[in-house]
> 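Sharing a structure here in structure tokens format.
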Amino acid sequence: MKKLLIFLAIGTVVFTAPSCKKTYLDLVPEDVLTQAAYFKNPAQFKAAASDFYNKMISWQSLNGSNIYDFMDNGSDLSANVTVNTEGGYQGYGRGTVNPESTDQYWDNSYAYIRENNVLLQQAAAYTGSASDITQYVAEAKFFRAWHHFFLLKRFGGVPIVTSVLDLNSPQLQAPRNSRYEVITQILSDLNDAIAGLPTEQAIPSADKGRVSKWAAEAFKARVELYEATWRKYTGTTTDFTGSGGPSSNQISQFLTDAVAMAKDVMTNGGYSLWNYNTQLNNRSSYYLFSIDGSGSNPLGLDKTSNNEFILKSMYDFVLHQGGINLTHTVTGYMTPNRKMMDMYLCSDGLPVDKSPLFQGYHTAASEYQNRDYRLYGYVLGYGNAPTAGSVPLTTGTSGYGNEKFAAYNYPTYRNDNQESQDYPQIRLAEVYLIYAEATFELNGSISDADLNLSINLLRARAGVAPLTNTLASTYSLDMLTEIRRERTIEMWGENYRFDDLKRWGIAEASLNAPLCGQVLGDAAYTTDYINASGNPTSLYTPSLYVYGATTVATGNGNLPAITIDAAANRNFKRMHYLFPIPLKQIQLNSHLAQNNGY
């Protein structure tokens, strides 16, 4: 692992920094490294491929990327409304999206794809044994698929680039490929990657952290579930004018393969959920995301204890610090709202509006009782018990905080910009969720056995009773809704919510509803904030909440809750499922069609 971290630290200078070449690389003594002078042996291919790992969005900013643009802020689950979300658009969840001259995520993605293509071009001309560089060719294919998928989610159909372009390349004036052509390319690259990558078990300990066959299969399952459900629920409604449609209905094909890919990872990958609930007061879901050195949790567990992350952006306090003010920011930044809080189940496996275990909202501590452990881990973290006292609504906040990704024992263990926990790009929990959702979407049902193989393992870690077909039928639960609920809760803050709403075709309905916070109650339903006379208590300052209160459905019926953002402010449309093509790109290439509505 340390060797990979060193490669990551020097990877960006492979072609540009002559001052480093004598220290790290055995190269000819030229002033500037060139492709002709490089790619002469497997070690050089390996070093070049190591730089690809830097190009996934994570804690450390690169070329203007910001992880906070991709943490579900501004979504229907968030109380944070006007922050930059989804790649720098302020108020995206409100439908505030205007075409801009440039988009750093367009520019970055194509720059990174070029680096993948450089390695592939050089591999084709390599005169040594092809088998010696098979892994690094496969890594290039994996990351080329990774960046094309990022572009697909953001813009829909985009130009596919599979060669190293120069200023005279005709592809620079080519029209956009359809999303269906892009998906075909992504899956082709992933098939090649899967064939050429080693299993996790075959990766030497010094190289742990490199992408494995299982990571590629998990990512392929992610892509296939995304595209299958997009076609099923959103269809061609976002396709740009002139786009070709799908050559065939591939929904069942994609879902079938997604199930197979996920099952292979689950069965043969050797991964396991990180679960130390007995020793960690049922807060595994909190400590999982702050594992660093031995001081990062009460048990002294370090990163070697974590076998849940299948692919991660790796950090190290000595070799590669995160360089981000993480804990301070996520604590107040990733704040959940009323909808998110009520999505957490009670320990009997039932929603709050159906469970006799739900304790209501009469005190701020009540709603935490008998609930999913992830509520304790993501919202309360290590700093409060479920019996915490009243939360004052005297500062204009939603009444809730966030602890997911926040460092344990901060700041005595790690200071600002020194937090160095790994960032999960793919983890086993997601694979379980893919398996369950794809199985149901494929068959229209899911067996208890398949639920036990997948999301019930997550519910067990969360202290929640299993989801069964009997439970669903007895309490009139919709099985697909419950599978989606599990995904929503487990993956909170990991850049899935906007994509999920759009591929399920429900973004307009979900994002245009008012966003609310703590339940205020009224004279008939007293809380810490409203007394029996219907007047505010000292814990509630109404003047700080300019949108007042909205009566919303809760676990105890329709009740007034503070309004964080009014429905009148929100106008998310089908056009907003995709972002506008940067105007500069259309100026450079007039054949690029703009996305609908922009």
Side-chain angles (χ1 to χ4, degrees), residues 86-87 89 92 97-114 116-117 141 143-163 165 169-191 219-220 222-251 253-254 258 498-505 507 573-598:
E86 287 300 279
Y89 282 90
Y92 173 67
V97 185
N98 296 306
E100 296 182 358
S101 177
T102 61
D103 186 311
Q104 64 196 13
Y105 294 105
W106 172 288
D107 295 343
N108 290 350
S109 296
Y110 279 112
Y112 305 155
I113 289 170
R114 179 181 177 82
N116 306 146
N117 287 333
K141 292 286 188 73
F143 284 106
R144 187 167 71 180
W146 184 274
H147 297 305
H148 273 116
F149 185 57
F150 179 89
L151 287 166
L152 176 86
K153 291 191 299 176
R154 191 167 178 80
F155 300 107
V158 293
I160 297 170
V161 180
T162 57
S163 61
L165 306 182
S169 297
Q171 294 95 319
L172 295 178
Q173 293 299 314
R176 297 169 63 178
N177 292 94
S178 70
R179 69 176 298 115
Y180 315 102
E181 293 170 322
V182 177
I183 281 291
T184 297
Q185 179 62 48
I186 290 169
L187 295 179
S188 175
D189 275 347
L190 288 176
N191 287 336
F219 181 54
K220 188 184 181 195
R222 177 193 291 179
V223 170
E224 290 176 316
L225 175 63
Y226 176 90
E227 185 62 15
T229 50
W230 184 285
R231 294 187 189 185
K232 182 175 182 177
Y233 296 109
T234 301
T236 61
T237 60
T238 61
D239 288 358
F240 60 87
T241 301
S243 170
S247 59
S248 62
N249 184 350
Q250 298 172 297
I251 294 174
Q253 173 189 332
F254 289 163
F498 281 110
D499 288 337
D500 287 345
L501 293 177
K502 291 184 286 190
R503 68 184 177 89
W504 295 335
K573 302 176 182 178
R574 184 57 58 106
M575 63 181 281
H576 299 130
Y577 279 44
L578 299 176
F579 288 85
I581 302 298
L583 298 178
K584 183 178 179 181
Q585 297 301 321
I586 295 177
Q587 292 171 355
L588 292 170
N589 177 8
S590 61
H591 297 106
L592 288 181
Q594 183 57 277
N595 276 326
N596 301 337
Y598 292 108

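Numbers for residues simply follow the sequence, beginning at 1. Bear in mind that the values here come from a model prediction, so they are computed numbers and not experimental data.
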> Say you draw a straight line from CH2 of Trp146 to CZ of Phe219; how long is it, rounded to the nearest 0.5 Å?
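Spacing of CH2 (Trp146) from CZ (Phe219) equals 5.5 Å.
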> For Tyr226, which of Trp504, Phe149, Phe150 qualifies under ring pair (Phe, Tyr, Trp, His ring centres under 6.0 Å)?
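With Tyr226 as partner, ring pair (Phe, Tyr, Trp, His ring centres under 6.0 Å) holds for just one option, Phe149.
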> Taking Lys502's backbone N and O only, do any of them form a donor-acceptor pair with Thr234's side chain (distance below 3.5 Å, no angle check)?
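Here the side-chain-to-backbone pair exists.
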> Between atom CG of Leu190 and atom CZ of Arg222, what is the distance when rounded to the nearest 0.5 Å?
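Between atom CG of Leu190 and atom CZ of Arg222 there are 11.0 Å.
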> Within the structure provided, determine whether Pro159 and Leu592 are in side-chain contact (heavy-atom separation under 4.5 Å).
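Side chain of Pro159 against side chain of Leu592, heavy atoms only: contact under 4.5 Å found.
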> Could you report the tightest heavy-atom contact between Tyr233 and Gly505, atom names first, then the distance?
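So the minimum-distance heavy-atom pair works out to CB-N, 4.0 Å.
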> Which residue in the set Ile183, Thr229, Leu225 passes side-chain contact (heavy atoms from CB on, under 4.5 Å) when paired with Phe254?
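Among Ile183, Thr229, Leu225, the one that satisfies the side-chain contact (heavy atoms from CB on, under 4.5 Å) with Phe254 is Ile183.
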> May I ask you to establish whether Arg574 and Tyr577 are in a cation-pi arrangement, using a distance under 6.0 Å from NZ or CZ to the six-membered ring centre and at most 45° from the ring axis?
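Yes, Arg574 sits over the ring of Tyr577.
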> Please check if the side chain of Arg176 supplies one atom and the backbone of Gly157 the other of a donor-acceptor pair under 3.5 Å.
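Looks like yes, one N/O pair under 3.5 Å.
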> For the pair Asn177 (side chain) and Ile160 (backbone), establish whether a donor and an acceptor sit closer than 3.5 Å, ignoring hydrogens and angles.
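Confirmed, Asn177 side chain pairs with Ile160 backbone.
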> Is there a donor-acceptor pair under 3.5 Å between the side chain of Asp107 and the backbone N or O of Thr102?
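No, the answer is negative, given that no donor and acceptor are paired below the 3.5 Å cut-off.
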> Do Asp103 and Tyr89 have side chains that get closer than 4.5 Å, going by heavy atoms?
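Yes, close enough: below the 4.5 Å cut-off.
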> Heavy-atom distance under 4.5 Å between the side chains of Val97 and Tyr598, does that happen here?
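Yes; the side chains approach each other to less than 4.5 Å.
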> Looking only at non-hydrogen atoms, find the nearest pair between Trp230 and Leu578 and report the distance.
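Minimum heavy-atom separation between Trp230 and Leu578: CH2-CD2, 4.2 Å.
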> Could you check whether any side-chain N or O of Gln594 sits under 3.5 Å from a backbone N or O of Ile581, counting only pairs where one atom can act as donor and the other as acceptor?
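Checking the backbone N and O of Ile581 against the side chain of Gln594, a donor-acceptor pair under 3.5 Å is found.
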> Arg114 side chain to Leu165 main-chain N or O, any donor-acceptor pair under 3.5 Å?
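Yes, Arg114 side chain to Leu165 backbone: donor-acceptor pair under 3.5 Å.
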> Under 3.5 Å, is there a donor-acceptor pair between the Lys220 and Asn191 side chains?
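Per modelled atom types, Lys220 and Asn191 side chains form a pair under 3.5 Å.
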> Within this structure, what is the NE2-CD1 distance for the pair His147 and Ile186, rounded to the nearest 0.5 Å?
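That separation rounds to 11.5 Å.
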> Whether the side chain of Tyr92 engages the backbone of His576 through a donor-acceptor N/O pair (distance < 3.5 Å, no angle test) should be reported.
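Side chain of Tyr92 to backbone of His576, a donor-acceptor pair under 3.5 Å: yes, one is there.
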> When you measure from the side chain of Ser178 to the backbone of Glu181, do you find a donor-acceptor pair of N or O atoms at a distance under 3.5 Å?
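Yes, Ser178 side chain to Glu181 backbone: donor-acceptor pair under 3.5 Å.
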> For residues Pro582 and Ser101, report the shortest heavy-atom separation together with the two atoms involved.
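Where Pro582 meets Ser101 most closely, the heavy atoms are CB-O, 3.5 Å.
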> Rounded at 0.5 Å granularity, tell me how far OG1 in Thr237 sits from CE in Met575.
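Here the rounded value is 13.0 Å.
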> Just wondering, do Glu227 and Arg179 contact through their side chains at under 4.5 Å, heavy atoms?
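They are in side-chain contact.
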> Is the shortest heavy-atom distance from the side chain of Val161 to the side chain of Gln171 under 4.5 Å?
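Val161 vs Gln171: side chains apart.
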> What distance do Ser243 atom OG and Asn595 atom CG have between them, rounded to the nearest 0.5 Å?
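Ser243 atom OG to Asn595 atom CG measures 10.0 Å (nearest 0.5 Å).
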> Please examine the side chains of Pro175 and Phe240, heavy atoms only from C-beta on, and report whether any two atoms are closer than 4.5 Å.
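A side-chain contact is absent here, since even the closest heavy-atom pair is not under 4.5 Å.
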> Please state whether the rings of Phe155 and Phe579 are parallel, tilted or perpendicular, taking 30° and 60° as the class boundaries.
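Geometry flag for Phe579 against Phe155: perpendicular rings.
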> Judged by atom type as modelled, is there a donor-acceptor pair below 3.5 Å linking the side chain of Asn589 to the main-chain atoms of Ala174?
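Yes: the side chain of Asn589 pairs with the backbone of Ala174.
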> For Asp239, is there any backbone N or O sitting under 3.5 Å from a side-chain donor or acceptor partner on Asn596?
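Yes, Asn596 side chain to Asp239 backbone: donor-acceptor pair under 3.5 Å.
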> Please report whether the ring centroid of Trp106 lies less than 6.0 Å from that of Tyr110.
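Yes - the distance between ring centres of Tyr110 and Trp106 falls below the 6.0 Å cut-off.
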> Is the shortest side-chain heavy-atom distance between Val182 and Leu151 below 4.5 Å?
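They are not in contact (no side-chain heavy atoms under 4.5 Å apart), so the answer is no.
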